[in-house]
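Accompanying notes for the structure given below.
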Amino acid sequence: MTAAGRDPIRVVIADDQGMVRAGFGVLLNAQPDIEVTGEARDGEEALRVIADARPHVVLMDIRMPRLNGLEATRRLMAEHPEPPRVLILTTFDLDDYVYEALRAGASGFLLKDASAGELAEAVRVVAAGDALLSPSVTRRLIAEFARLGAPRAPRRERLEELTERETEVLTLVARGLSNQEIAAELVVAEQTVKTHFGRILMKLGLRDRPQAIVYAYETGLVRPGD
């Protein structure tokens with residue numbers, strides 16, 4: 001238990017570099033509300049460790065031997081009824097795997113040179129159910145949809161379940177606006193935007209903001225350049 005009486009956020013670190021695992025482990029275990037409960041050197045080991053440790057958050061490197069982080073994330077989402085949140089570890093903010101990682105179910109990205117404060121805050125944000133998606137990553141995702149061209153998924157009928165205001169909120173989310181920016185755009189309270197967005201996720205069966213952005217572009221609700 002933490003000082004506040006809550007269970008700590010359990011974290012598994014999956015990276016083939018021992019120094020990265022050790023460094024992140026020291027930084028996270030120094031936090032009163034976070035506990036590293038497992039480590040893995042590749043994707044195969046990560047899946048086994050995650051099954052045993054049942055973490056809330058997984059720090060997942062993309063480039064690992066045997067099974068890379070992208071495929072490990074896909075399998076994790078497919079095999080677990082309530083999978084943990086996945087933060088993709090990357091060396092560069094604009095990584096080639098942004099689009100596929102989000103489609104696989106990742107909740108965000110974290111640079112490997114993140115400070116102790118940034119690392120801990122990223123874990124807390126994702127564990128709380130929010131997404132860690134920087135404006136630069138959002139722009140890269142939109143650019144990828146522009147490159148791909150036509151919508152990819154025939155799931156548009158579910159959009160009909162949304163109210164006009166919910167559709168409006170989803171459109172603005174897909175364009176990369178924050179809740180605060182959407183509230184200003186629609187002249188409503190930020191909490192109202194959060195309520196609308198929560199209903200959007202529930203109606204569409206989505207987990208978080210990245211999935212909502214992917215869904216909006218793949219169904220053609222929003223197109224690059226709109």
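Here, residue 1 is the first one in the sequence, and each next residue gets the next number.
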What is the distance from atom [atom1] of [X] to atom [atom2] of [Y], rounded to the nearest 0.5 Å?
| X | Y | atom1 | atom2 | answer |
| --- | --- | --- | --- | --- |
| Leu89 | Phe109 | CG | CZ | 11.0 Å |
| Ile182 | Glu185 | CD1 | CD | 9.0 Å |
| Ile9 | Asp33 | CD1 | CG | 5.0 Å |
| Arg41 | Asp61 | CZ | CG | 14.5 Å |
| Glu218 | Ile213 | CD | CD1 | 12.0 Å |
| Ile13 | Leu27 | CD1 | CG | 9.0 Å |

Which pairs pass side chain to side chain donor-acceptor pair (under 3.5 Å) with one or both residues in residues 186-195, sequence neighbours excluded?
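Pairs touching residues 186-195 that pass the test: none.
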
Pair listing, side chain to side chain donor-acceptor pair (under 3.5 Å) test, anchored in residues 16-31, at least two apart:
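Listed once each, the pairs are Arg21-Glu39, Gln31-Arg124.
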
Qualifying residues under side-chain contact (heavy atoms from CB on, under 4.5 Å), relative to Ala72, sequence neighbours excluded:
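Ala72: side-chain contact (heavy atoms from CB on, under 4.5 Å) contacts with Met60, Leu67.
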
Tell me every residue that passes side-chain contact (heavy atoms from CB on, under 4.5 Å) with Ala114, counting only those two or more places apart in sequence or in another chain.
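Partners of Ala114 by the side-chain contact (heavy atoms from CB on, under 4.5 Å) criterion, ordered by chain and then number, come out as Leu110, Glu118.
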
Is there a side-chain contact between [X] and [Y], using heavy atoms and a 4.5 Å cut-off?
| X | Y | answer |
| --- | --- | --- |
| Leu201 | Gln211 | no |
| Leu76 | Val86 | yes |
| Leu162 | Val169 | no |
| Leu172 | Leu186 | yes |

Distance-minimising heavy-atom pair for [X] and [Y]:
| X | Y | result |
| --- | --- | --- |
| Leu159 | Tyr215 | CD2-CE2, 3.5 Å |
| Ala104 | Met77 | O-CG, 3.2 Å |
| Ala174 | Val222 | CB-CG2, 3.9 Å |
| Ser107 | Arg85 | OG-CD, 3.6 Å |
| Ala101 | Ile88 | CB-CG1, 4.1 Å |

List in chain and number order the residues that pass salt bridge (Lys or Arg N to Asp or Glu O under 4.0 Å) with [X], two or more places apart in sequence or in another chain; answer none if no residue qualifies.
| X | result |
| --- | --- |
| Glu166 | Lys203 |
| Arg165 | Glu168 |
| Glu44 | Arg75 |

Which residues share a side-chain hydrogen bond (donor to acceptor under 3.5 Å, both in side chains) with Arg74, sequence neighbours left out:
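Residues passing side-chain hydrogen bond (donor to acceptor under 3.5 Å, both in side chains) with Arg74: Glu71, Glu100.
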
For Asp42, give me all partners under side-chain hydrogen bond (donor to acceptor under 3.5 Å, both in side chains), at least two apart in sequence or on another chain.
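Residues passing side-chain hydrogen bond (donor to acceptor under 3.5 Å, both in side chains) with Asp42: Arg66.
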
Contacts under 3.5 angstrom, residues 47-59 side chains, donor-acceptor by atom type, not counting sequence neighbours:
from, atom 1, to, atom 2, distance (Å)
His56, ND1, Arg10, N, 2.8

The test is side-chain contact (heavy atoms from CB on, under 4.5 Å); show your working for Val11 and Val123 and say whether it passes.
CA-CA 8 Å; Val11 177; Val123 168; 3.7 Å; yes

So Phe24 and Asp15, side-chain contact (heavy atoms from CB on, under 4.5 Å) or not? Walk me through it.
CA-CA 10 Å; Phe24 277 13; Asp15 194 293; over 6 Å; no

